[in-house]
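Values reported hereafter were calculated over all heavy atoms of this structure, with side chains retained and with hydrogens, waters and symmetry mates removed.
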Amino acid sequence: MELLSGGEMLIRALADEGVEHVFGYPGGAVLHIYDALFQQDKVQHVLVRHEQAAGHMADAYSRSTGRTGVVLVTSGPGATNTVTPIATAYMDSIPMVIISGQVATHLIGEDAFQETDMVGISRPIVKHSFQVRHASEIPAIIKKAFYIAASGRPGPVVVDIPKDATNPAEKFAYEYPEKVKLRSYQPPARGHSGQIRKAIDELVVAKRPVIYSGGGVIQGNAASLLTELGHRLGFPVTNTLMGLGGFPGSDPQFIGMLGMHGTYEANMAMHHADLILCVGARFDDRVTNNPAKFCPDAKVIHIDIDPATISKTITAHIPIVGAVEPVLAEMLVQLKQMGIEKPNAEAIDQWWVQINEWRKRHGLRYEPASPGEMKPQEVVEALYKITDGKAIITSDVGQHQMFGALYYKYDEPRQWINSGGLGTMGVGLPYAMACKLAFPEKQVVCITGEASIQMCIQELSTCTQYGISVKILCLNNRALGMVKQWQDMNYEGRHSSSYMESLPDFTKLMESYGHVGIQINHQDELESKLAEAMAITDKCVFINVMVDPKEHVYPMQIAGQSMRDMWLAKGERT
C-alpha cells in the first residue's frame with residue numbers, strides 16, 4: 001500500500017474524486033498542501049487575487065458543470081474571506097467543498113497567529129463541516145465531504161485541516177474509499193408513488209394550472225423531463241430566477257420569470273391558478289410576496305428533495321419528497337400508462353386565452369429611449385441577438401441582474417449563472433471566469449453594473465495569467481441602480497449614498513491589465529460595437545455602455561400584497 005503525507009493524500013484524494021480545478025490562495029497553514037500540488041499535474045490550481053473570488057469561482061464551476069467546486073485557502077483571514085461565497089452557495093443549494101488550513105493541532109484554542117474557528121464561523125451557512133484530527137483520516141473525510149455536498153439538497157461542506165496533519169515528513173497508508181455510507185444521513189431519492197398518483201389525479205382535472213419550477217430542476221438535472229412534462233400536459237410554465245433555463249425561454253408555453261420582478265402574465269397566472277405544480281422551488285419571499293394573500297384559489301403540489309422546505313412557507317396539499325428527476329420520470333410513466341396527453345383540453349385552451357391577454361397587456365414593454373440614449377433593456381436584447389441566444393450569461397446583483405434575467409431568453413439549463421438567495425454583489429466576474437475555464441469553447445458574458453464589477457475587479461489579473469477571455473457588459477447608470485429605484489419609489493427621491501460619484505476609466509483600467517475596453521455612448525453604435533467585442537477571443541473585453549440612469553425595473557410587486565399587485569411602469573399599477 002502506498003505511503004503518503006497528509007498533504008499528498010489530500011491532493012491524491014481530490015484527483016481520485018475527479019477534481020480538475022481547485023481555486024485558491026496560499027498561506028502558511030497550507031504550504032505543505034501547496035507543495036504537494038506542485039509535485040503533480042492532475043489537479044490544476046487557479047491562483048486568484050482574493051479568496052472571495054476563489055469561493056465564487058468554485059461556486060460557479062459547480063453551477064455551470066454540475067460537478068462540485070473546490071476552494072483551497074489558508075487559515076485565519078484566508079478562511080474568513082470565503083464566508084460570503086460559502087453563504088452564497090448555501091442559499092442557492094450549490095455543492096462546494098472548502099478546504100481551509102488551520103494552525104497546528106497543539107495551537108488550536110491558543111489564539112495563535114492566523115487562527116480562527118472556521119468550523120464555528122461557518123456552521124450556520126454550511127451543510128456540514130469536518131476538522132481533521134489525524135492525517136490518516138483525510139481520504140475518508142474528503143470522500144464524505146463530496147458525498148454530502150452533492151447528495152440530497154446540495155450545499156457547501158468545510159474541511160478544516162491543521163498544518164501538522166499535512167506534514168510531509170510523516171507518511172501513512174493511502175486508500176481512497178470506493179463509496180461512503182453514513183447511517184445518520186440518508187437523503188430521499190424516489191418520491192412516493194401514491195403521492196405521485198394523487199398529484200396526477202389533480203393535474204388532469206385542473207382548469208387553470210401553472211407549473212412553477214426552480215433551481216432544484218437545474219441542480220437535479222431534470223430540465224429535459226420538466227420540458228417533456230410541460231409539453232405533454234400543455235400547461236403554462238414559469239421559472240424562478242434560479243430556475244431560468246429549466247424550461248426553454250423561447251418556448252410558447254413559457255410565461256416568463258415569476259415573483260418580485262416577474263412578468264405580468266406569470267404573476268397573474270399564479271394568482272388566479274386553481275392548481276400549482278411546484279418543482280424544486282421553495283416559495284421564497286421574492287416569489288410569494290405576502291404568504292397570507294398568495295394564490296388564494298390554488299391547490300399546491302410541491303416536489304422537493306428537502307422535507308424541511310415543504311409546507312415551510314406555503315402549505316402543500318400534496319407533498320412529494322424526493323429528487324426531482326425520478327419524481328418527474330415517474331409522473332411521465334404514469335401519464336403514459338394512463339394514456340393521458342393534453343388533459344382537460346377545452347379548459348386549458350380557455351386558460352391560454354386569458355394568459356395571452358395578460359401577455360398583451362404588458363409583455364415586458366418599456367418606454368423607448370430618447371434619441372441618442374440607451375435603455376438597459378435594449379442593450380440586453382441586442383446582446384441576445386448578437387450571441388444568437390447561445391452564450392452563458394453570468395450576472396452581478398441589482399437592476400442589471402433583473403434586466404439580464406428578463407430580456408435574455410435561456411433555452412438551456414446552466415446557461416444563466418447568478419446569486420439568487422443571498423444577492424451577492426461582486427460574483428459576476430469570477431462566475432464568468434469559472435464558466436470560461438469549464439467551457440473554453442463557449443461565449444461567456446458577465447452582465448454587471450459599474451458598482452458590482454469593482455468588488456472583484458482585481459481578478460482581471462487572474463484572467464491575464466490564465467488566458468481567460470470573458471466579456472464584461474457593464475450597464476453603467478452611474479448609481480447603485482436598485483437602491484436608487486427603491487429610493488425613488490419609497491423615499492421621495494432622497495438618494496442617500498446611491499450615486500457613484502467617482503468612477504475609473506474602465507477602458508484604461510482594462511488596458512493596464514492587458515485586456516480591451518470598448519465604450520458605447522450612443523444607440524446607433526450599440527449592435528456594431530457589441531459584435532466587435534464578441535469577435536475578440538484572446539482577451540477579456542469590457543463593454544462600458546452608458547444607459548439611462550433614470551430607468552427602473554418593471555414589473556415590480558407591491559410589497560405586502562398579493563402576486564397580482566404590481567407596478568407596471570412609473571405611475572402605472574395593477
Side-chain angles (χ1 to χ4, degrees), residues 1-47 51 54-55 58 68-80 82 96-110 112-122 126 128-149 156-180 182:
M1 190 171 288
E2 192 173 10
L3 298 178
L4 299 176
S5 70
E8 292 167 336
M9 284 186 179
L10 174 62
I11 303 307
R12 181 71 63 85
L14 293 177
D16 287 346
E17 191 62 37
V19 173
E20 296 176 354
H21 293 91
V22 171
F23 307 95
Y25 202 98
V30 289
L31 287 183
H32 297 330
I33 299 172
Y34 271 85
D35 192 52
L37 258 175
F38 184 84
Q39 298 183 60
Q40 56 84 56
D41 57 8
K42 288 186 178 179
V43 179
Q44 180 187 352
H45 180 266
V46 178
L47 175 64
E51 292 91 351
T68 301
V70 182
V71 188
L72 173 58
V73 292
T74 194
S75 63
T80 60
T82 66
M96 185 163 73
V97 171
I98 305 92
I99 300 165
S100 58
Q102 185 55 273
V103 299
T105 305
H106 70 280
L107 292 174
I108 293 175
E110 298 294 325
F113 176 68
Q114 290 194 333
E115 179 193 1
T116 56
D117 178 7
M118 185 56 180
V119 170
I121 288 170
S122 63
V126 296
H128 195 65
S129 55
F130 296 90
Q131 187 172 76
V132 173
R133 297 298 183 183
H134 191 271
S136 61
E137 301 176 338
I138 289 174
I141 285 177
I142 292 300
K143 187 70 177 181
K144 290 175 183 177
F146 276 86
Y147 172 68
I148 292 170
V157 175
V158 163
V159 179
D160 199 45
I161 307 181
K163 185 171 184 179
D164 54 315
T166 60
N167 186 348
E170 297 179 359
K171 308 273 186 174
F172 302 92
Y174 174 82
E175 184 178 1
Y176 196 61
E178 291 184 9
K179 55 185 178 180
V180 61
L182 300 171

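Looking at Gln40, its side chain does come within 3.5 Å of a backbone N or O of Lys42 through a donor-acceptor pair.
Taken to the nearest 0.5 Å, the OH atom of Tyr25 stands 6.5 Å off from the CG atom of Leu47. Taking CG of Leu37 as the reference point, atom CG of Leu10 lies at 8.0 Å (rounded to 0.5 Å). To the nearest 0.5 Å, the span separating CD1 on Ile11 from CD1 on Ile99 amounts to 6.5 Å. The distance from the CD1 atom of Ile161 to the CD1 atom of Ile141 is 8.0 Å, given to the nearest 0.5 Å. If you take CD1 on Ile142 and CD on Glu137, they are separated by 11.5 Å, rounding to the nearest 0.5 Å.
Here the closest heavy-atom approach between residue Pro177 and residue Ala140 is recorded as CG-CA, 4.0 Å. For Ala58 against Val71, the heavy-atom pair with the smallest separation is CB-CG2, 3.4 Å. When all heavy atoms are compared, the tightest approach of Ala112 to Leu107 is CB-CB, 3.9 Å. The nearest pair of heavy atoms linking Val73 to Ala79 is CG2-CA, 3.8 Å. Residues Ala135 and Pro139 approach most closely at O-CD, 4.1 Å, considering heavy atoms. The nearest pair of heavy atoms linking Ala165 to Ile138 is O-CD1, 4.0 Å.
In terms of the side-chain hydrogen bond (donor to acceptor under 3.5 Å, both in side chains) criterion, residue partners of Gln44 (sequence neighbours excluded) are, by chain and number, His21. Residues passing the side chain to side chain contact (heavy atoms under 4.5 Å, CB included) test with Ala29 are Thr74, Ser75, sequence neighbours excluded. With sequence neighbours excluded, no residue forms a ring-ring contact (aromatic ring centres under 6.0 Å, His included) with Tyr174. Shown here are the side-chain hydrogen bond (donor to acceptor under 3.5 Å, both in side chains) partners of Tyr34, two or more places apart in sequence or in another chain: His45. Annotation: side-chain hydrogen bond (donor to acceptor under 3.5 Å, both in side chains) contacts of Asp35 (sequence neighbours excluded): Gln39. Every residue meeting the side chain to side chain contact (heavy atoms under 4.5 Å, CB included) condition with Lys144, not counting sequence neighbours, appears here in chain and number order: Phe130, Val180, Leu182. Judged as a side chain to side chain contact (heavy atoms under 4.5 Å, CB included), and not counting sequence neighbours, the contacts of Pro77 are Thr80, Gln114. Legend: residues meeting side chain to side chain contact (heavy atoms under 4.5 Å, CB included) with Asn167, ordered by chain and number and at least two apart, are Ala169, Glu170. Remark: Glu20 engages Arg67 in a salt bridge (charged side-chain N to carboxylate O under 4.0 Å, His left out) (not counting sequence neighbours). Evaluation of the salt bridge (charged side-chain N to carboxylate O under 4.0 Å, His left out) rule for Glu115 yields no partner, not counting sequence neighbours.
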Go through the steps to decide whether Met118 and Thr82 satisfy the test side chain to side chain contact (heavy atoms under 4.5 Å, CB included), and finish with yes or no.
-> CA-CA 10 Å; Met118 185 56 180; Thr82 66; 3.5 Å; yes

Test side chain to side chain contact (heavy atoms under 4.5 Å, CB included) applied to Val126 and Val157, step by step | CA-CA 6 Å; Val126 296; Val157 175; over 6 Å; no

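The list of side chain to side chain donor-acceptor pair (under 3.5 Å) pairs with a residue in residues 157-166, not counting sequence neighbours, reads Ser100-Asp160, Gln102-Asp160, Thr105-Asp164, Gln131-Asp160.
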Distance-only check: which donor-acceptor pairs under 3.5 Å involve side-chain atoms of residues 1-8, not counting sequence neighbours?
from: Glu2; atom 1: OE1; to: Arg12; atom 2: NH1; distance (Å): 2.8
from: Glu2; atom 1: OE2; to: Arg12; atom 2: NH2; distance (Å): 3.1
from: Ser5; atom 1: OG; to: Glu8; atom 2: N; distance (Å): 3.2
from: Ser5; atom 1: OG; to: Glu8; atom 2: OE1; distance (Å): 3.3
from: Glu8; atom 1: OE1; to: Ser5; atom 2: N; distance (Å): 2.9
from: Glu8; atom 1: OE1; to: Lys171; atom 2: NZ; distance (Å): 3.1
from: Glu8; atom 1: OE2; to: Lys171; atom 2: NZ; distance (Å): 3.4

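More than 12 heavy atoms of other residues, nucleotides or ligands lie within 6.0 Å of CZ in Phe146, so this atom counts as buried by the packing criterion.
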